[in-house]
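Before any comments, here is the structure.
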Amino acid sequence: MAEAPGFQLGVIGALVLSVASSVSIVICNKALISSLGFPFATTLTSWHLMVTFCTLHVAQRFNIFEPKPIDLKTVTLFGILNGVSIGLLNLSLGFNSIGFYQMTKLAIIPFTVLLETVFLKKQFSQKIKMSLLVLLIGVGIASITDLNLNLLGSILSLLAIATTCVSQIMTNTIQKRLSVSSTQLLYHSSPFQAAILFVSGPLVDQYLTKQNVFAFKYSSLVLVFIILSCLISVSVNFSTFLVIGKTSPVTYQVLGHLKTCLILAFGYTLLHDPFTHRNIIGIGVAIFGMGLYSYFCTHENKKKISDLSPLSQVKEKETTPLLTQKSMGHHDKESHEVKKANGVSNKDSIV
């Protein structure tokens, strides 16, 4: 019980770090892609992961954290799955309209709830489900503009949803099952994620942009923004694993939609992006849904703690006499053996 305030502070810190770093990297990447004409998002992500691994490697060399061995098969599968999910999300954006891509991102939450309910036997209350529905409706109103469908794009979106949900659930379960921190898991898995994207990234980007990342003319300003993006990505990747590990994949997705609302608002206020009453209403509904989700999660967690406290006290009361009896039984046995050694009969020693 004494650790609860510290744990809550850690969760709040992880959420704030995730929001701040994600919004920062979106701003940086938007300038890099839109203003400076560097459209190679998948290749850039592979560089992000390589810089993240190098940073963590230096950190553990200076004993900032201690790496913990993880089963090679587990971390390899996890790293490759994460890399594939990133590539599929980028392909989904390339083959679908912006509106359908937003629908793909929205579908990750209900699909995650379904997977955790079926395979992990996790229970979600009706209030939690209702708040998530309000959130999804709000984000949908704010961000979805068109829904042009095509077969290949739909297949890629389904694959992106499945791999993203599974990889985020694995992020949570691996940390808890193997008792590893978010830093340790990221340190071991980032090389595999970087490798899969480093190989596939240039091919994916060339297919989507009709440009070659190696033939691009890198100006000094482009290099500065690439370096800045890579540095911010260390915080983004770390906070992602931290949030999922401390909370849940569903909470991380809820946080992701908060970032979407903040980015939309930022684009309107500072970059003067087109903004309508529909966007304002959608963001308002989404934030209301996030508030409901936070309130119900907090309320249910407090209820679980209060329900467990009396139970633990009852168990403590029940176990104390048993221990006493066991101790007394052991003492009686020793006393009986001493009496027997002194010539006292078994019959005389029984009360």
Side-chain angles (χ1 to χ4, degrees), residues 16-52 85-106 108 139-146 160 164 197 201-202 204-213 216-240 243 252-253 255-276 278-280 282-283 286-287:
V16 171
L17 178 62
S18 180
V19 171
S21 57
S22 295
V23 173
S24 298
I25 202 168
V26 166
I27 296 169
C28 180
N29 290 348
K30 186 168 184 178
L32 187 60
I33 294 171
S34 301
S35 303
L36 300 176
F38 184 85
F40 309 106
T42 310
T43 303
L44 182 62
T45 304
S46 71
W47 297 346
H48 288 169
L49 290 163
M50 284 190 289
V51 171
T52 298
S85 70
I86 294 171
L88 286 171
L89 281 171
N90 287 342
L91 282 173
S92 174
L93 178 58
F95 281 91
N96 292 302
S97 63
I98 299 295
F100 192 79
Y101 176 72
Q102 290 295 336
M103 281 290 293
T104 300
K105 293 177 67 177
L106 290 177
I108 292 174
V139 176
I141 293 172
S143 61
I144 296 176
T145 54
D146 58 325
T164 301
L197 290 176
V204 171
D205 288 334
Q206 185 167 5
Y207 191 84
L208 295 176
T209 65
K210 311 303 179 186
Q211 299 182 51
N212 190 332
V213 65
F216 185 81
K217 294 182 179 180
Y218 293 86
S219 65
S220 57
L221 188 59
V222 168
L223 291 174
V224 167
F225 271 89
I226 289 175
I227 294 171
L228 180 61
S229 178
C230 289
L231 292 176
I232 299 173
S233 73
V234 177
S235 178
V236 173
N237 292 325
F238 171 72
S239 62
T240 296
V243 169
Y252 175 73
Q253 286 299 323
L255 188 68
H257 292 305
L258 171 61
K259 299 171 192 175
T260 300
C261 294
L262 290 175
I263 291 165
L264 287 172
F266 170 82
Y268 173 71
T269 55
L270 296 183
L271 302 180
H272 305 292
D273 289 341
F275 213 66
T276 64
R278 176 182 172 180
N279 298 127
I280 297 172
I283 290 175
I287 292 176

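If you read the sequence from its start, that first residue is 1, and numbering goes on from there. Note: hydrogens, waters and symmetry copies are ignored here, and every other heavy atom, side chains too, is used.
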### Task
Compare all side-chain heavy atoms of Ile33 with those of Leu44 and state whether any distance is below 4.5 angstrom.
no
#### Entry: Rounded distance [0.5 Å steps], CD1 in Ile25 versus OG in Ser233
5.0 Å
### Task
Report yes if some heavy atom in the side chain of Pro202 is under 4.5 Å from a heavy atom in the side chain of Asn212; otherwise report no.
no
### Message
Please report the interatomic distance CG(Leu258) to CD1(Ile287), rounded to the nearest 0.5 Å.
### Response
7.0 Å
### Task
Taking all non-hydrogen atoms of both residues into account, name the closest pair between Gln102 and Ser143 and its distance.
OE1-OG, 3.7 Å
### Query
Which of parallel (below 30°), tilted (30 to 60°) and perpendicular (above 60°) describes Trp47 and Phe38?
tilted
### Message
Tell me every residue that passes ring-ring contact (aromatic ring centres under 6.0 Å, His included) with Tyr252, counting only those two or more places apart in sequence or in another chain.
### Response
none
### Which residues share a side chain to side chain contact (heavy atoms under 4.5 Å, CB included) with Ser22, sequence neighbours left out
Ser18, Val236, Lys259
### With His257 via side-chain hydrogen bond (donor to acceptor under 3.5 Å, both in side chains) - residues at least two apart
none
### Task
Working to the nearest 0.5 Å, report the span between OH of Tyr101 and CG of Leu91.
11.0 Å
### Which residues share a side chain to side chain contact (heavy atoms under 4.5 Å, CB included) with Thr104, sequence neighbours left out
Ser92, Phe100, Ser157, Ile161
### Summary
Minimal heavy-atom distance between Lys105 and Gln253, with the atoms involved, is O-OE1, 4.3 Å
### Message
Run the side chain to side chain contact (heavy atoms under 4.5 Å, CB included) test against Val26 and tell me which residues pass, sequence neighbours left out.
### Response
Ile263
### Query
Rounded to the nearest 0.5 Å, how far does NZ of Lys30 lie from OG of Ser229?
15.0 Å
### Message
Ignoring hydrogens, what is the shortest heavy-atom contact between Phe225 and Leu32? Give both atom names and the distance.
### Response
CB-CD1, 3.7 Å
### Task
Would you mind reporting whether Val213 and Tyr218 have side-chain heavy atoms less than 4.5 Å apart?
yes
### Task
Mind checking side-chain hydrogen bond (donor to acceptor under 3.5 Å, both in side chains) for Thr164 and listing every partner two or more places apart, or none if nothing turns up?
none
### Query
For Thr276, which residues count as a side-chain hydrogen bond (donor to acceptor under 3.5 Å, both in side chains) partner, sequence neighbours excluded?
Asn279
### Pairwise distance CD1(Ile226) to NE2(His48) - rounded to 0.5 angstrom
8.5 Å
### Query
For atom CE of Met50, is the number of surrounding heavy atoms from other residues, nucleotides or ligands below 6.0 Å larger than 12?
yes
### Task
Search all heavy atoms of Ala20 against all heavy atoms of Ser24 and return the closest pair with its distance.
O-OG, 2.7 Å
### Query
To the nearest 0.5 Å, what is the distance between CG (Leu231) and OG1 (Thr52)?
9.5 Å
### Message
Test of understanding: with side-chain hydrogen bond (donor to acceptor under 3.5 Å, both in side chains), list the residues that count as partners of Asp205, not counting sequence neighbours.
### Response
Thr42, Thr43
#### Entry: Sequence-distant partners of Ser219, side chain to side chain contact (heavy atoms under 4.5 Å, CB included), two or more places apart
Leu221, Val222
#### Entry: Set of residues satisfying ring-ring contact (aromatic ring centres under 6.0 Å, His included) with respect to Phe95, sequence neighbours excluded
Tyr207
